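None of these values were measured; they are calculated from a predicted model.
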Amino acid sequence: QVQLVESGGGLVQPGGSLRLSCAASGSFFSINTVGWYRQAPGKQRDLLTTITSGGSTNYADSVKGRFTISRDNAKNTVYLHMNSLQPEDTAVYYCNAKVQTTVWGFVSYWGQGTQVTVSS
């Protein structure tokens, strides 16, 4: 019913920037809270930031001041602007969205992930 697709990952030098996108498609009424997560090899999947349908945001300490989450509801897309990237930011980045799929129900969906590699 609903698909989330992350894009925008790639190779960037330390200190560089990237913008990731999470686009939703399919059949749904609305998208509520969206979060960005990342998972490095051998590590747990960590929550980085969330944004509500009204635009309220929260950030993990590891990315606060460097990453910015935003959304364009008309495009059904959420963005993650990443600045001052460092090698420890290297990971697969995932988005997760709570989607209203019926008048009464919400379901969480995961995207497939996009690789971000920070290296000189």
Side-chain angles (χ1 to χ4, degrees):
Q1 291 185 359
V2 179
Q3 296 82 42
L4 300 180
V5 178
E6 300 96 333
S7 61
L11 176 64
V12 64
Q13 296 183 79
S17 300
L18 283 175
R19 181 174 65 187
L20 307 183
S21 299
C22 174
S25 62
S27 181
F28 53 87
F29 285 84
S30 63
I31 302 173
N32 194 250
T33 301
V34 178
W36 281 99
Y37 298 71
R38 69 184 179 192
Q39 187 168 24
K43 303 289 186 178
Q44 67 181 26
R45 186 172 297 186
D46 293 328
L47 174 63
L48 303 177
T49 177
T50 62
I51 186 167
T52 68
S53 59
S56 297
T57 59
N58 288 286
Y59 295 92
D61 290 341
S62 60
V63 303
K64 190 176 299 181
R66 298 191 298 124
F67 292 10
T68 302
I69 189 171
S70 62
R71 64 192 294 165
D72 185 337
N73 291 329
K75 296 181 179 180
N76 292 323
T77 300
V78 175
Y79 303 96
L80 183 65
H81 299 258
M82 305 185 295
N83 299 316
S84 302
L85 286 164
Q86 299 300 315
E88 53 265 36
D89 296 315
T90 296
V92 177
Y93 284 69
Y94 300 89
C95 65
N96 178 274
K98 182 179 291 184
V99 181
Q100 186 179 6
T101 57
T102 67
V103 173
W104 57 86
F106 290 85
V107 178
S108 291
Y109 291 89
W110 288 95
Q112 84 291 342
T114 185
Q115 176 72 47
V116 172
T117 302
V118 185
S119 176
S120 59

[X] versus [Y]: any side-chain heavy-atom pair under 4.5 Å?
X      : Y      : value
Thr114 : Ser7   : no
Leu20  : Val116 : yes
Tyr37  : Val92  : no
Gln112 : Glu6   : yes

Check your understanding: Do any N or O atoms from the side chain of Thr117 and from the backbone of Thr90 form a donor-acceptor pair under 3.5 angstrom?
Key -> no
Check your understanding: Asn96 side chain to Tyr109 main-chain N or O, any donor-acceptor pair under 3.5 Å?
Key ->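 Between the backbone of Tyr109 and the side chain of Asn96 there is a qualifying donor-acceptor contact (under 3.5 Å).
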Can you tell me how far [atom2] of [Y] sits from [atom1] of [X], rounded to the nearest 0.5 angstrom?
X      : Y      : atom1 : atom2 : answer
Asp89  : Leu18  : CG    : CG    : 10.0 Å
Ser120 : Leu11  : OG    : CG    : 9.5 Å
Trp104 : Phe29  : CH2   : CZ    : 8.0 Å
Ile51  : Trp36  : CD1   : CH2   : 12.0 Å
Phe28  : Thr101 : CZ    : OG1   : 10.5 Å
Ile31  : Phe106 : CD1   : CZ    : 11.5 Å

Locate the shortest heavy-atom distance separating [X] from [Y]; write the atom from each residue and the value.
X     : Y     : answer
Tyr59 : Thr57 : CE1-OG1, 3.6 Å
Leu48 : Ser62 : CD2-OG, 4.4 Å
Gln86 : Pro14 : OE1-CB, 4.3 Å
Gln44 : Asp46 : NE2-OD1, 2.8 Å

**Study point:** Test side-chain contact (heavy atoms from CB on, under 4.5 Å) applied to Thr50 and Ile69, step by step
**Key:** CA-CA 7 Å; Thr50 62; Ile69 189 171; 5.6 Å; no
Exercise for review: Report the C-alpha distance between Arg38 and Val63 in whole Å, list the side-chain angles of each, state the deciding distance to 0.1 Å, and finish with yes or no for side-chain contact (heavy atoms from CB on, under 4.5 Å).
Suggested key: CA-CA 11 Å; Arg38 69 184 179 192; Val63 303; 4.2 Å; yes
Check your understanding: Parallel, tilted or perpendicular: which fits the ring planes of Trp110 and Tyr94, with parallel below 30° and perpendicular above 60°?
Key -> perpendicular
Review point. Going hydrophobic residue to hydrophobic residue with side-chain gaps under 4.5 angstrom, can you get from Val107 over to Val78?
Key: yes
Check your understanding: Is there a path of hydrophobic side-chain contacts, each under 4.5 Å between heavy atoms of I, L, V, M, F, W or Y residues, that connects Leu80 with Val5?
Key ->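 Not linked; separate clusters.
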Check your understanding: Cut-off 3.5 Å, side chains only: do Gln1 and Ser27 have a donor facing an acceptor?
Key ->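 Absent: no donor and acceptor within the cut-off.
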Review point. Applying side-chain hydrogen bond (donor to acceptor under 3.5 Å, both in side chains), which residue pairs with at least one partner in residues 73-82 are found, sequence neighbours left out?
Key: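 side-chain hydrogen bond (donor to acceptor under 3.5 Å, both in side chains) check on residues 73-82 returns Arg71-Asn73.
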Exercise for review: Test Phe67 against Thr49 for side-chain contact (heavy atoms from CB on, under 4.5 Å), laying out the working first.
Suggested key: CA-CA 8 Å; Phe67 292 10; Thr49 177; 5.7 Å; no
Point to revise | Over 12 foreign heavy atoms within 6.0 Å of CD, Gln13 | key: no
